[in-house]
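A short worksheet on the structure shown next.
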Amino acid sequence: MNNKRLSLFVLVLAFMLSLTGCGIASEVINHEANDQRLLKAGALDLPVSDVYIKYQYSFLNKYQITHDFILAGGCTYNVGGVGIKDVPTGSNYVLKRAPSIFERDEHTYVSVFQTKDVNQLNPRNIDRYVRPEFDRGLDPYGNPLPKGKGFQPMCFESWGGTSHVLAIKLYKKDIATWKSDLSQVNPNGKFTEETINGNKWLVQTNDIAQRALNGTGGAYLHYSTAIGNTGYTLTIQLGANQDSLKYPQAHAQMKAIFKHLIESVKIEQIKP
């Protein structure tokens, strides 16, 4: 990227950031007051996401995992805030290395750097994202609260105006269990397999249904890949419904972003 193009890129991104206060154009679409203005013809001529965050972390001390997500969204790897100053010169991504993810005593943790001592690591439980249930701690009287329902997205962003959803899920499910679960939730979905950049993906494609009452997104595309023999899967989901098809330009852009996220995934074995 030459200096002229880089300057233009920074100016455009700075303008988009000024619209949202904390994100880029995709974040604005979440605000109802801006929906109609932004979704008029020509309003989405710029890509929904010009800048991605590139996440990288070691997983169970066996694999290094790298994947992108949009700057306007976020992933719960505890990597800190992201802004335009974090975009490397001549690039369209931010690299954020998260500490390692590991298991202990049938729980899953991410190592979190402390603010007062950057050399000290403390574990943060992420069972709510990766396991079927998680501990909710104690009530004010010291009694254990009922376990909460887990399997929440690790990365998530939704667009109220176009009714799209992007999500990345890191689940402690092997690929066979995940396929069985998807079959039960979406019995009419069609399964295929694709190999992209060395990763073998189980793909479920669903017909785009009507928008659920008070809902956004919907079952559309799930791409799932096993993380070696760890019993975990990484799934990337694009949610859409019939309302999404009313905005063909935005829908095409979401599919392009989704394709980029799939292609960004690297699962590399850590050599002893």
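Bear in mind that the values here come from a model prediction, so they are computed numbers and not experimental data. FYI, the numbering just counts along the sequence from 1.
Nearest heavy atom pair, residue Tyr232 against residue Arg131, reads OH-NH2, 3.8 Å. Closest approach of Leu170 to Phe59, counting heavy atoms only: CD2-CE1, 4.0 Å. Minimum heavy-atom separation, Phe102 to Pro123: CZ-CB, 3.7 Å. Here the closest non-hydrogen pair linking Ser244 and His251 is O-CB, 4.0 Å. Across Leu261 and Ile236, no two heavy atoms sit closer than the pair O-CD1, 3.7 Å. Taking each heavy atom of Arg136 and Gly148 in turn, the nearest pair found is CD-N, 3.4 Å.
Separation of atoms CD (Gln204) and CG (Asn188) is listed at 9.5 Å; rounding is to 0.5 Å. Separation of atoms NZ (Lys190) and OG1 (Thr205) is listed at 8.5 Å; rounding is to 0.5 Å. Remark: Thr233 OG1 to Asp174 CG distance equals 8.0 Å, nearest 0.5 Å. Here the CD1 atom belonging to Ile257 is positioned 9.0 Å from the NE2 atom belonging to His260, to the nearest 0.5 angstrom. Taking CG from Asn199 and CG from Leu234, the interatomic distance works out to 8.5 Å, rounded to the nearest 0.5 Å. Taking CD of Glu157 as the start and CD1 of Ile70 as the end, the distance is 5.0 Å to the nearest 0.5 Å.
Under the 4.5 Å side-chain contact rule for hydrophobic residues, Val185 and Phe156 do not share a cluster. Taken together through direct or relayed side-chain contacts under 4.5 Å among Ile, Leu, Val, Met, Phe, Trp and Tyr, Ile196 and Met254 form part of one hydrophobic cluster.
Between Asn206 and His222, some side-chain heavy-atom pair lies under the 4.5 Å cut-off. The side-chain heavy atoms of Leu238 and Leu166, taken from C-beta on, include a pair separated by under 4.5 Å. You'll find the side chain of Ile101 stays beyond 4.5 Å of the side chain of Ser58, heavy atoms only. Between Lys266 and Asn197 there is no side-chain heavy-atom pair separated by less than 4.5 Å. The shortest distance between side-chain heavy atoms of Lys255 and Tyr220 falls below 4.5 Å. Contact check for Arg211 versus Thr216: side-chain heavy atoms found under the 4.5 Å cut-off.
A donor-acceptor pair under 3.5 Å links the side-chain atoms of Thr225 to the main chain of Lys200, judged by distance alone. Between the side chain of Ser180 and the main chain of Ala176, no donor-acceptor pair closer than 3.5 Å is present. Checking side-chain atoms of Asn241 against main-chain N and O of Ala209 turns up no donor-acceptor pair under 3.5 Å.
Arg128 pairs by the side-chain contact (heavy atoms from CB on, under 4.5 Å) definition with Phe134, Gln152, not counting sequence neighbours. Checked against ring-ring contact (aromatic ring centres under 6.0 Å, His included), Phe258 has the following partners two or more places apart in sequence or in another chain: Tyr223.
Listed by first then second residue, pairs satisfying salt bridge (Lys or Arg N to Asp or Glu O under 4.0 Å) with a partner in residues 59-74 read Lys54-Asp68, not counting sequence neighbours. Pairs passing the salt bridge (Lys or Arg N to Asp or Glu O under 4.0 Å) check and including a residue from residues 140-150, sequence neighbours excluded, read Asp135-Lys147. Screening residues 132-169 for disulfide bond (SG atoms under 2.5 Å apart) gives Cys75-Cys155 as the qualifying pairs, with residues at least two apart or on separate chains.
In the displayed structure, Asp207 atom CG is contacted under 6.0 Å by at most 12 heavy atoms of other residues, nucleotides or ligands.
In this structure, Leu182 belongs to a hydrophobic cluster whose other members, linked by side-chain heavy atoms under 4.5 Å apart, are Phe151, Tyr171, Ile175, Trp178, Phe191, Leu202.
Judged by distance alone, the side chains of Gln242 and Gln210 never bring a donor and an acceptor atom under 3.5 Å apart.
Across Tyr109, Tyr57, Phe69, a single residue satisfies ring pair (Phe, Tyr, Trp, His ring centres under 6.0 Å) together with Tyr77, and that is Tyr57. Test Glu103, Lys169, Met154 against Val130 for side chain to side chain contact (heavy atoms under 4.5 Å, CB included) and you get one pass: Met154.
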Next item on the list: Could you walk me through whether Tyr55 and Ile168 pass side chain to side chain contact (heavy atoms under 4.5 Å, CB included), step by step?
Entry: CA-CA 12 Å; Tyr55 293 94; Ile168 296 181; over 6 Å; no
